[in-house]
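On a predicted model such as this, the values are computed, not experimentally measured, just so you know. Order of the sequence lines fixes the chain letters, A, B, ..., with proteins taken first and strands second; residue numbering starts at 1 for each chain.
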2 protein chains.
Amino acid sequence: MTQNLDLVFAALADPTRRAILSMLLEDDMAVTDVAEPFDMSLTAISKHLNILSRAGLISQDRRGRVKWCKLEPDALKVASVWMQGFGQFEPVHLDAFERFLKAELPDA
Amino acid sequence: MTQNLDLVFAALADPTRRAILSMLLEDDMAVTDVAEPFDMSLTAISKHLNILSRAGLISQDRRGRVKWCKLEPDALKVASVWMQGFGQFEPVHLDAFERFLKAELPDA
DNA sequence: ACTATATTCAACCATATGGTTGAGTGATGA
DNA sequence: TCATCACTCAACCATATGGTTGAATATAGT
């Protein structure tokens, strides 16, 4: 559990990896396409993707020679809930918060 | 900005530092008192506190020979907002979210 | 003045991180 | 079949991280 938080937060601490996550928000992508906008070797991107994968933030599905990367936003929830223990984000009210979201974002 | 996210997420990636933040949730503490429950040198804790401080997650106020550490939960907000860009946490609805919190938690 | 307390500094260590290059594997398609 | 494409592996490098110890600094109390 705490290990998972370690991995998630560590994964998010790198700007390249955060950028990758943002890209995957749009659509699933192949490793080569993920790498394209970065001024960095494919190997480096491959490593970043592994780190994101081990943290559970993405899943990778190899189809033929192409490995498709898919965002797994649920993995952020653990971190999000942890943070809600601080300041104005009270974990007690999570249920109410989710009801609120359902009402506000019916098709999200 | 992105630099700040780097520092905040990196600071949160260590279990000792997360534990320290949880402790400071209760009350402000002196460095020695923060260190007490950990099986680790005072120097190590001092370093952790510096990392938390540089990330803006705590402030340190030296009064005499004692340095008081204070939680700064607002620093988590940047990270929290960033995460809301994923999954069910839509940044667009932040204002509505804050109105919701004000209504649900009048004295938080 | 002296001693104890609170904290930091400096130097060091082992391991992790983020990057590189060059070679290797395996699927695709002409 | 054979070249190409998508990706990974292995080895390496520089720097960062998380920890240690022993000495240093500075305030507080007697």
Side-chain angles (χ1 to χ4, degrees), chain A residues 2-24 27-71 79, chain B residues 2-24 27-72 75 79:
Chain A
T2 185
Q3 219 176 5
N4 215 327
L5 274 181
D6 285 11
L7 292 176
V8 170
F9 282 130
L12 296 179
D14 184 277
T16 302
R17 288 193 291 265
R18 287 197 307 274
I20 291 174
L21 291 178
S22 294
M23 287 164 61
L24 291 176
D27 208 350
D28 298 357
M29 296 178 84
V31 174
T32 309
D33 295 329
V34 169
E36 199 271 330
F38 297 98
D39 187 21
M40 199 180 294
S41 73
L42 191 57
T43 303
I45 296 296
S46 184
K47 284 185 184 181
H48 280 305
L49 289 170
N50 276 327
I51 289 168
L52 290 170
S53 185
R54 262 180 274 125
L57 290 164
I58 67 168
S59 59
Q60 293 176 294
D61 179 19
R62 176 155 237 144
R63 207 128 57 201
R65 64 183 163 182
V66 176
K67 198 177 204 174
W68 292 96
C69 303
K70 184 180 184 308
L71 185 64
Chain B
T2 187
Q3 220 176 4
N4 216 328
L5 275 181
D6 286 10
L7 292 176
V8 169
F9 281 130
L12 295 179
D14 184 274
T16 302
R17 288 192 291 264
R18 287 197 306 275
I20 290 173
L21 291 179
S22 293
M23 289 164 59
L24 291 177
D27 207 350
D28 299 358
M29 295 178 84
V31 174
T32 308
D33 295 330
V34 169
E36 199 272 329
F38 297 98
D39 189 20
M40 198 180 295
S41 71
L42 191 58
T43 303
I45 297 295
S46 184
K47 284 185 184 180
H48 281 305
L49 289 170
N50 276 328
I51 289 169
L52 290 170
S53 185
R54 262 181 274 126
L57 290 164
I58 66 167
S59 58
Q60 292 176 295
D61 179 20
R62 178 153 235 144
R63 209 128 55 201
R65 65 182 163 181
V66 176
K67 198 179 204 172
W68 292 95
C69 303
K70 185 181 184 306
L71 186 65
E72 297 289 346

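Here the closest non-hydrogen pair linking A/A30 and A/V66 is CB-CG1, 3.5 Å.
A 4.5 Å side-chain heavy-atom check between B/L12 and A/L5 finds every atom pair outside the cut-off.
Note on A/S41: every side-chain N or O is 4.0 Å or more away from OP1 and OP2 of C/dG19. For B/K67 and C/dT8, the shortest distance from a side-chain N or O to OP1 or OP2 is below 4.0 Å.
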Filtered N/O pairs between nucleotides 9-12 of chain C and protein, under 3.5 Å:
from  : atom 1 : to    : atom 2 : distance (Å)
C/dC9 : N4     : B/T43 : OG1    : 3.1

Under-3.5 Å N/O pairs linking protein and nucleotides 28-30 of chain C:
from   : atom 1 : to    : atom 2 : distance (Å)
C/dT28 : O4'    : A/R65 : NE     : 3.4
C/dT28 : O4'    : A/R65 : NH1    : 3.2
C/dT28 : O4'    : A/R65 : NH2    : 3.2

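A straight line from CE of A/M40 to P of C/dT21 spans 12 Å, rounded to a whole angstrom. Atom CD1 of B/I20 is separated from atom P of D/dG19 by 9 Å (rounded to the nearest Å). The nearest whole Å value for the distance from the CG atom in A/D33 to the C1' atom in D/dC5 is 12 Å. Atom CH2 in B/W68 sits roughly 17 Å away from atom P in D/dT27 (whole-Å rounding). Rounding to whole angstrom units, CG of residue B/D14 and P of C/dT17 are separated by 12 Å. One can place CG of A/L49 at 8 Å from P of D/dT8, the figure rounded to the nearest angstrom. Rounded to whole Å, the distance from CD on A/E36 to P on D/dC7 is 13 Å. Going from atom NE2 of B/H48 over to atom P of D/dT17 covers 12 Å, rounded to whole Å.
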Stepwise side chain to side chain contact (heavy atoms under 4.5 Å, CB included) check, A/I45 with A/T32: CA-CA 9 Å; A/I45 296 296; A/T32 309; over 6 Å; no
Checking B/F38 against B/H48 for the side chain to side chain contact (heavy atoms under 4.5 Å, CB included) test, could you report, in this order, the C-alpha distance in whole Å, the side-chain angles of both residues, the deciding distance, and whether it holds? CA-CA 12 Å; B/F38 297 98; B/H48 281 305; over 6 Å; no
Report the C-alpha distance between A/R54 and A/N50 in whole Å, list the side-chain angles of each, state the deciding distance to 0.1 Å, and finish with yes or no for side chain to side chain contact (heavy atoms under 4.5 Å, CB included). CA-CA 6 Å; A/R54 262 180 274 125; A/N50 276 327; 3.9 Å; yes
How far apart are the C-alpha atoms of B/E72 and B/L52, what are their side-chain angles, what is the distance that settles it, and do they pass the side chain to side chain contact (heavy atoms under 4.5 Å, CB included) test? CA-CA 10 Å; B/E72 297 289 346; B/L52 290 170; over 6 Å; no
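Atoms CD1 and CG, on A/I51 and A/D14 in that order, are 7.5 Å from each other to the nearest 0.5 Å. The CG atom of A/L49 sits 11.0 Å away from atom OG1 of A/T16, with the distance rounded to the nearest 0.5 Å. For the atom pair CG (B/L57) and CZ (B/R18), the distance works out to 12.0 Å, reported to the nearest 0.5 Å. We find the OG-NZ distance between B/S53 and B/K47 to be 15.5 Å, quoted to the nearest 0.5 Å. Rounded to the nearest 0.5 angstrom, B/I58 CD1 and B/M29 CE are separated by 11.5 Å. Within the model, atoms CE of B/M23 and CD of B/E36 stand 8.0 Å from one another, a figure rounded to the nearest 0.5 Å.
Annotation: of the two residues near DNA chain C, A/I51 and B/L42, the 5′-most nearest-nucleotide partner is B/L42.
Within residues 53-62 of chain B, the residues that have a heavy atom under 4.0 Å from DNA chain C are, in order of number, B/R62.
Between C/dG19, D/dC7, D/dT21, one nucleotide has an atom nearer to the side chain of A/A30 than all others, and that is D/dC7.
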